[in-house]
A.B. asks: 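The structure's right below; bear with me while I get my questions together.
Order of the sequence lines sets the chain letters (A, B, ...), proteins ahead of strands, with each chain counted from 1.
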Amino acid sequence: MISLAGLNPEQRHAAETIEGPVLILAGAGSGKTRTITYRIAHMVDNLNIDPKSILGVSFTNKAAREMKERVSNLLGNRKSRKLTLSTFHSLGVKILKKEITKLGYYKNFTIFDSSDQLSIIREALKMYRADKSFDRKVVLSKIGYLKNNGISHTDYEHSSFFDPEDPYDVAIEYVYHFYQEKLAFYNAIDFDDILFLTVRLFNDFPDVAKKYSELFQFIMIDEYQDTNNLQFQLILGLTSSHNNLCVVGDDDQSIYSFRGADLSNILDFESKFPGAKVIKLEENYRSTSSILGLANKVIEINKERRDKTLWTKKKSDALPKIWLTANTDHEAEITIEQIVQYQGDGMHLADIAILYRSNTQAQPLEEHLRLSNVPYRILGGQKFYDKKEVKDIMAYLFVILNPRDQLSLRRVLNVPNRGIGKATLDTFLKKSLEENITLYDAFLKYPDLIPNKTEVINKFTKIITDFQEKFKKHSLPESISCLVEDIKFNQYIEKSHDNAKQVERRKNDINIFIESAARYESYNKSHATLENFAQKLLLQDSQDLEELNEEEDDDVRVNEVTLMTLHSSKGLEFDTIFLIGVEEETLPHKRSVQEGGVDEERRLCYVGITRARETLFMTYCKERKLFGKDVPRHLSRFLNDLKDDKLFTLQDRTTFGHMTEEDANQYKKSFFKNLMDDLEQK
DNA sequence: TCGTCCGGCGTTTTT
DNA sequence: CGCCGGACGA
């Protein structure tokens, strides 16, 4: 029996409302995760609901994992194992693995990341012979936008999204077709396709939708404010045979509209799901009253939001501080100075975070942290999987699994250099087009197409076929390290870099990769096939990699300051927050202002403020170096509009050198006091 | 086939 | 100011 006595009345109400559509509006720091983990535990343990029939969906693997862990702490491993707690995308892949042949794909499909996508679009634009240079990224995001609105490449021309007068739209019409045909030919899908195809599957085969909807009788969606149209369609499919949908979210923390998140999903929940119950969690357990007071004022300006006001029992008079600094260097300097002081006071560095709007702002901070010998970590910098050498090895694995995957094939073809360059590739590409076979099949069928290349071609295809066998017989880590050995990858790394340190780091990355395969194998035993491992890699869901990379330990929090963007800070909390660069054109970002997305920037600011438990510093610069030029800056409207409300103290740190205004006054006072004392003595 | 040089561009990014 | 991608030359 799970006791809900530890929940407040609203949380408890949320945990006990099981049937029908429910919207839990969970403000920042209102105990959301606690509430939904108890809700699940209550369903299973107290109401005897079969855990197999419960589906919990979140956005990140990390969130899904955390949920799993916390439910498991309440329910025990045996029951919690039967729950399905996953991300939208891994759920989609799971379904597609079983059903994708219905849509004309092979089962061993590859998932393309954005660099793969961009290279196809580059090819398409070349074919289109665009005299005006179209921006690949714009084209890609438009295609993604179309997919997220359920428009396929064949629908596009006849849809309301297509304007025949707009040259961009006409180009995109061509590129979209080219792109989808290439993907199908490579037996690959992109991230949007994972959801797009799942929705299409549900629409074209209602019995399939019914099957999954009957399997999952109770559905929970976390971070509902970030769902897009496609995810909404998916939810409709999953609930087609029942109405037990519980969504959890906070419209004030919707910060992913640029990825298609549609705020109306949460704003109009009741009209989309009639009879819905709405439960508000408004007690904040995280921040002091002064931090929350500022946060509430900042966000209340937004028009399109659900009415709610967070409150807390944690009273405090310590107002958030805003520092005016001279420039980015000065900003970094006094921020780190303050952190050093805290460090001297015995504060744990893991309780401190520095947040910023964009990654470029991290640079001066990093410099000053290093200068002051303050340990730090940067969240969301270069991803492990994005490192070139790791991607290379992964590409080998993808080709071994799916030789139709031409992008991976082309990636590894001449890595390490084996004399298969552009000319050779083009000849084989031409042949494969003529015969309408895959590039790989062209290698197999016509190895002597170019007489003096026969040997290298045969050598290459032999590696692939050999390892297709090898992976069946031997363990994952064994096979991968054998592959690395066979292709002489380490020599290749040595040859491509003259910096000895870089060589070591890159070799080490490969070792980490192999170790992660070993870990994956030890966790998953007989299920640890190359196919399943590759799928984890494709969904960037290998916790082993992260663990190995960060050496995280649950009990010991590493003594490091955390640096990250506002986006990646959502869901986290720290005793002390430094929110830097709170300036016009930085937060709100210039481009968002131009495109009318100021509301979302305001939410971003709100997210940043509400990360802080005890202490909040915000900084802005008089001048910021942008692209080599010094540009004058002003305090962000989000704070400037509240100047008279006494919600924060503004300190000009440019005039007191390294001292705060208070310190300077103190100094002046004691200076005069000493002077007086001296005079008195005389 | 590979390396170098030059020009353009520069936000956030759960999968 | 610095990075990345395309062009062009050795």
A.B. asks: Rounded to the nearest angstrom, tell me the gap between atom CE in Met67(A) and atom P in dT14(B).
C.D. replies: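 The answer, rounded to whole Å, is 19 Å.
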
A.B. asks: Suppose we screen for side chain to side chain contact (heavy atoms under 4.5 Å, CB included). Which residues come up paired with Gln594(A), at least two apart in sequence or across chains?
C.D. replies: Lys590(A), Arg591(A)

A.B. asks: When the P atoms of dC4(C) and dT11(B) are considered, how many whole Å apart are they?
C.D. replies: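 These two P atoms come out 14 Å apart once rounded.
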
A.B. asks: When you check the side-chain N and O atoms of Lys147(A) and Gln180(A), is any donor under 3.5 Å from an acceptor?
C.D. replies: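 On atom types as modelled, these side chains qualify, holding a pair under 3.5 Å.
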
A.B. asks: Sequence neighbours left out, cut at 3.5 Å: what donor-acceptor pairs do the side chains of residues 364-371 of chain A make with other protein atoms?
C.D. replies:
unit_1	atom_1	unit_2	atom_2	d
Glu366(A)	OE2	Tyr376(A)	OH	3.0
His368(A)	NE2	Asp329(A)	OD1	3.3
Arg370(A)	NH1	Tyr376(A)	OH	3.4

A.B. asks: Answer yes or no: does a side-chain N or O of Thr424(A) lie under 4.0 Å from OP1 or OP2 of dT1(B)?
C.D. replies: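 For dT1(B), OP1/OP2 do have a side-chain N/O of Thr424(A) under 4.0 Å.
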
A.B. asks: Specify the separation, in whole Å, of atom NZ of Lys570(A) and atom C1' of dT13(B).
C.D. replies: 12 Å

A.B. asks: For Phe88(A), answer base if it contacts any base atom (sugar-phosphate contacts may also be present), sugar-phosphate if it contacts only those atoms, and nothing otherwise; contact means non-hydrogen atoms under 4.0 Å.
C.D. replies: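 Nothing: the residue Phe88(A), judged by heavy atoms under 4.0 Å, touches no strand.
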
A.B. asks: Without decimals, in angstroms, what is the distance between Arg624(A) CZ and dG10(B) P?
C.D. replies: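 After rounding, the reported distance stands at 18 Å.
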
A.B. asks: Please report the distance separating the C1' of dT14(B) from the corresponding atom of dC3(C), rounded so that it comes out in whole Å.
C.D. replies: 26 Å

A.B. asks: Just N and O in the side chain of Ser58(A): are any of them under 4.0 Å from OP1 or OP2 of dT14(B)?
C.D. replies: no

A.B. asks: How long is the line joining CZ of Phe258(A) and P of dT15(B), in whole Å?
C.D. replies: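 Going from Phe258(A) (CZ) to dT15(B) (P), I get 13 Å.
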
A.B. asks: Does a side-chain heavy-atom distance below 4.5 Å link Glu531(A) with Lys97(A)?
C.D. replies: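 The answer is yes; the side chains approach within 4.5 Å.
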
A.B. asks: Pick base, sugar-phosphate or nothing for Asp192(A), based on heavy-atom distances below 4.0 Å to the nucleic acid.
C.D. replies: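 The residue Asp192(A) makes no contact with any strand.
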
A.B. asks: Decide whether Ser636(A) and Glu583(A) meet the rule of one side-chain donor and one side-chain acceptor closer than 3.5 Å.
C.D. replies: no

A.B. asks: For a quick check of understanding: with a heavy-atom distance under 4.0 Å over all strands, which category does Ser358(A) fall into, base, sugar-phosphate or nothing?
C.D. replies: sugar-phosphate

A.B. asks: From CD1 of Ile189(A) over to C1' of dT15(B), roughly how many Å is that when rounded to an integer?
C.D. replies: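 So the two atoms are 11 Å apart, to the nearest Å.
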
A.B. asks: Among dT13(B), dT14(B), dT15(B), find the nucleotide with the atom closest to the side chain of Ser568(A).
C.D. replies: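 Minimum distance to the Ser568(A) side chain belongs to dT13(B).
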
A.B. asks: I need the CG-C1' distance between Leu587(A) and dT12(B), as an integer number of Å.
C.D. replies: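 Rounded to whole Å, this separation is 11 Å.
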
A.B. asks: Choose from dT11(B), dT1(B), dT13(B) the nucleotide whose nearest atom is closest to any side-chain atom of His589(A).
C.D. replies: dT11(B)

A.B. asks: Under a 4.0 Å N-O cut-off, is there an ion pair linking Asp250(A) with Arg305(A)?
C.D. replies: no

A.B. asks: Could you give the start and end, 5' to 3', of the contact zone on DNA chain C for chain A, using atoms under 4.0 Å from its heavy atoms?
C.D. replies: dC1(C) to dG6(C)

A.B. asks: Classify Arg603(A) by what it touches in the nucleic acid, base, sugar-phosphate, or nothing, heavy-atom distance under 4.0 Å.
C.D. replies: nothing

A.B. asks: Looking only at side-chain N and O atoms, does Glu99(A) offer a donor or acceptor that is under 3.5 Å from a partner on Tyr212(A)?
C.D. replies: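 Distance-only check passes for Tyr212(A) and Glu99(A).
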
A.B. asks: Does Arg591(A) make a side-chain N or O approach to OP1 or OP2 of dT11(B) shorter than 4.0 Å?
C.D. replies: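 Answer yes for this pair, as a side-chain N or O of Arg591(A) is under 4.0 Å from OP1 or OP2.
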
A.B. asks: Rounding to an integer number of Å, can you tell me how far Gln361(A) CD sits from dT12(B) P?
C.D. replies: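 Taking CD of Gln361(A) and P of dT12(B), I get 9 Å after rounding.
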
A.B. asks: Output yes when at least one side-chain N/O atom of Asn359(A) is less than 4.0 Å from OP1 or OP2 of dT13(B), else no.
C.D. replies: yes

A.B. asks: Using atom CG of Leu579(A) as one end and atom C1' of dT12(B) as the other, report the distance to the nearest whole Å.
C.D. replies: 14 Å

A.B. asks: Specify the residue among Phe627(A) and Lys453(A) whose closest nucleotide of DNA chain B lies further upstream toward the 5′ end.
C.D. replies: Lys453(A)

A.B. asks: Does Glu584(A) pair with Arg637(A) as a salt bridge, N-O distance under 4.0 Å?
C.D. replies: yes

A.B. asks: When you get a sec, tell me which of dT12(B), dT14(B), dT15(B) is the closest nucleotide to the side chain of His567(A)?
C.D. replies: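 Within the option list, the nearest is dT12(B).
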
A.B. asks: Could you say whether His89(A) or Glu595(A) is positioned toward the 5' end of DNA chain B, judged by the nucleotide with the nearest heavy atom to each?
C.D. replies: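 That would be Glu595(A).
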
